[in-house]
Amino acid sequence: MKKFLIAILIIILIAGAGVGGFFIGKNVKGDDSVSAVTKENVIEVLDNFSYSAGWIEKNETVAKATSNTQEYTAEEVDYKGQEDFIKTMIFVTKYALLNEEVKEKEFYFSSATYEVNGLRYSGNMGLYYEFGENSAFINVYDFDNKAHVVLIVDIQPIQDQKYVLNILQDADMRGQDGFALQQLYMDQYANQIYQYSRLNVQTTRKNLSGITIEDVDNIELYGCDITTHEQIDISKEQIATEQTYTFEALMNVYKEQASRYSGVNFINRDYKQIDALEKAYSNIGYQVV
């Protein structure tokens with residue numbers, strides 16, 4: 001049986017900071033107001049992201065000192081093979097929040113099998129969510145790969161009234177030792193997702209204090225912006241000589257987002273069975289078996 005994240009990330013071609021943090025070099029800061037977070041708040045934000053990306057219909061519920069920036073002329077953002085993975089995380093979250101039986105700060109287990117191009121894959125997933133100040137933190141755990149994903153949903157716009165969706169992973173995009181961070185930016189009217197970026201770091205080092213570029217096997221930064229018409233796609237060799245996207249700057253943006261939430265432990269918990277993963281696979285068009 002294939003493993004859940006590996007199947008999505010590699011076989012089907014499917015982390016934070018991001019374009020706003022990495023690509024245009026701005027720190028993401030919220031205002032000082034604090035709002036109570038409800039399921040309805042989070043669902044509305046996720047629906048707007050899904051609508052802006054063209055994944056659902058409206059109201060349906062289910063400039064730089066660098067030589068490495070290139071022109072980006074596409075009218076939509078390019079997720080570089082990660083679209084199905086992002087959609088799966090969003091749909092799992094929406095299903096959990098819409099299900100009255102799924103409660104905050106409780107642990108759930110979900111498994112599902114699906115077929116793509118005649119091949120069969122299976123996933124075994126843990127789910128846990130909780131609310132913080134102006135934010136929801138949705139934890140998804142891949143039991144097969146022992147990989148942890150955290151979806152951070154901010155219910156209030158930040159940075160010039162823009163919404164940001166963060167996805168953090170405690171493994172690199174290929175399921176190896178390391179970490180990854182993806183970020184999507186949406187305008188306040190939910191007309192479009194206009195920025196996307198991904199930082200992918202492969203390293204066996206667990207303590208990031210004092211980490212240098214020599215401590216990583218590889219690091220990749222990708223981002224595109226349909227409003228500034230810029231794109232960046234660089235790895236360790238280019239980052240080592242970068243003036244703007246230095247290793248230290250990228251790590252600072254990652255740490256800023258990762259420090260917002262310490263996560264939870266999925267080992268030795270009492271789980272309740274739900275069908276969130278099966279519903280998510282169906283919603284993105286896979287043939288569930």
Side-chain angles (χ1 to χ4, degrees), residues 1-15 42-43 45-62 76-99 101-102 107-129 138-151 153 165-176 180 182-184 193 196 198 200 222 266 271-289:
M1 287 187 178
K2 299 294 183 179
K3 298 179 180 179
F4 170 51
L5 289 180
I6 297 297
I8 293 177
L9 295 174
I10 300 177
I11 302 296
I12 312 169
L13 292 179
I14 327 252
V42 182
I43 291 169
V45 172
L46 292 176
D47 275 344
N48 284 336
F49 269 100
S50 297
Y51 168 71
S52 300
W55 298 331
I56 65 171
E57 297 296 327
K58 190 68 171 177
N59 299 323
E60 178 187 348
T61 295
V62 262
E76 296 180 350
V77 299
D78 181 359
Y79 300 98
K80 294 286 283 188
Q82 301 303 306
E83 188 170 0
D84 277 0
F85 172 72
I86 296 168
K87 288 162 65 176
T88 299
M89 294 300 101
I90 289 177
F91 288 146
V92 164
T93 300
K94 284 176 57 179
Y95 171 82
L97 296 176
L98 287 167
N99 188 336
E101 301 300 318
V102 180
F107 288 86
Y108 298 90
F109 178 83
S110 185
S111 61
T113 300
Y114 62 94
E115 289 185 352
V116 176
N117 297 326
L119 298 176
R120 182 169 293 193
Y121 309 100
S122 294
N124 296 284
M125 179 196 79
L127 176 69
Y128 173 97
Y129 75 88
I138 290 80
N139 295 263
V140 175
Y141 186 74
D142 172 11
F143 282 97
D144 298 309
N145 292 300
K146 297 180 174 59
H148 193 159
V149 178
V150 178
L151 191 73
V153 185
L165 182 64
N166 296 284
I167 303 175
L168 297 92
Q169 298 166 238
D170 68 350
D172 85 340
M173 303 302 296
R174 298 169 183 84
Q176 305 299 315
Q182 302 183 67
Q183 193 173 70
L184 293 78
I193 293 175
Y196 167 75
R198 179 181 72 246
N200 185 50
Y222 169 78
F266 278 86
Y271 292 94
K272 297 179 181 179
Q273 185 81 27
I274 57 175
D275 59 351
L277 192 55
E278 179 179 333
K279 297 294 185 184
Y281 286 158
S282 296
N283 283 333
I284 60 177
Y286 298 162
Q287 181 181 351
V288 178
V289 296

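In what follows, every heavy atom counts, from backbone to side chain, and hydrogens, waters and symmetry copies are set aside.
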Is any side-chain heavy atom of S110 closer than 4.5 Å to a side-chain heavy atom of L127? no

Pair N283, Y95: side-chain N/O donor-acceptor within cut-off below 3.5 Å: no

What distance separates I193 CD1 from Y51 OH, expressed to the nearest 0.5 Å? 12.0 Å

What's the shortest heavy-atom distance between V92 and A280, and which atoms? CG2-CB, 3.5 Å

N124 side chain to F143 main-chain N or O, any donor-acceptor pair under 3.5 Å? no

Take atom CD of E115 as the centre, draw a 6.0 Å sphere, and report whether it contains more than 12 heavy atoms from other residues, nucleotides or ligands. yes

Could you check whether any side-chain heavy atom of Y222 comes within less than 4.5 Å of a side-chain heavy atom of Q82, counting everything from C-beta outward? no

Sequence neighbours excluded, the answer for side-chain hydrogen bond (donor to acceptor under 3.5 Å, both in side chains) partners of N48 is none

If you take all heavy atoms of A180 and M173, which pair is closest and at what distance? CB-SD, 3.3 Å

Looking at every non-hydrogen atom in both residues, tell me the closest pair between K80 and D78 and how far apart they are. N-OD1, 2.9 Å

Taking atom CG of L46 and atom CD1 of I90, what is their separation to the nearest 0.5 Å? 6.0 Å

With side chains defined as the heavy atoms from C-beta onward, is the minimum distance between Q273 and S111 less than 4.5 Å? yes

Between V140 and M89, is there a side-chain heavy-atom distance shorter than 4.5 Å? yes

Are F91 and I56 packed together at the side-chain level, in the sense that at least one heavy-atom pair is separated by less than 4.5 angstrom? yes

How far does CZ of F109 sit from CE of M125, to the nearest 0.5 angstrom? 8.5 Å

Tell me every residue that passes side-chain hydrogen bond (donor to acceptor under 3.5 Å, both in side chains) with Y79, counting only those two or more places apart in sequence or in another chain. none

4.5 Å side-chain heavy-atom contact, I43 and T93: no

I'd like to know whether L151 forms a side-chain contact (heavy atoms from CB on, under 4.5 Å) with Y129, so could you lay out the CA-CA distance, the side-chain angles of the two residues, the decisive distance to 0.1 Å, and finally the verdict. CA-CA 9 Å; L151 191 73; Y129 75 88; over 6 Å; no

For the atom pair OH (Y141) and NZ (K146), what is the distance rounded to the nearest 0.5 Å? 6.0 Å

Got Y196 and I86 here, is their nearest side-chain heavy-atom distance under 4.5 Å? yes

Side chains of V153 and L165 in contact at under 4.5 Å (non-hydrogen atoms): yes

Scan for salt bridge (charged side-chain N to carboxylate O under 4.0 Å, His left out) pairs involving residues 272-281, sequence neighbours excluded, and state none if there are none. E106-K272

In terms of ring plane angle, is the pair F266 and Y271 parallel, tilted or perpendicular, where the classes change at 30° and 60°? parallel

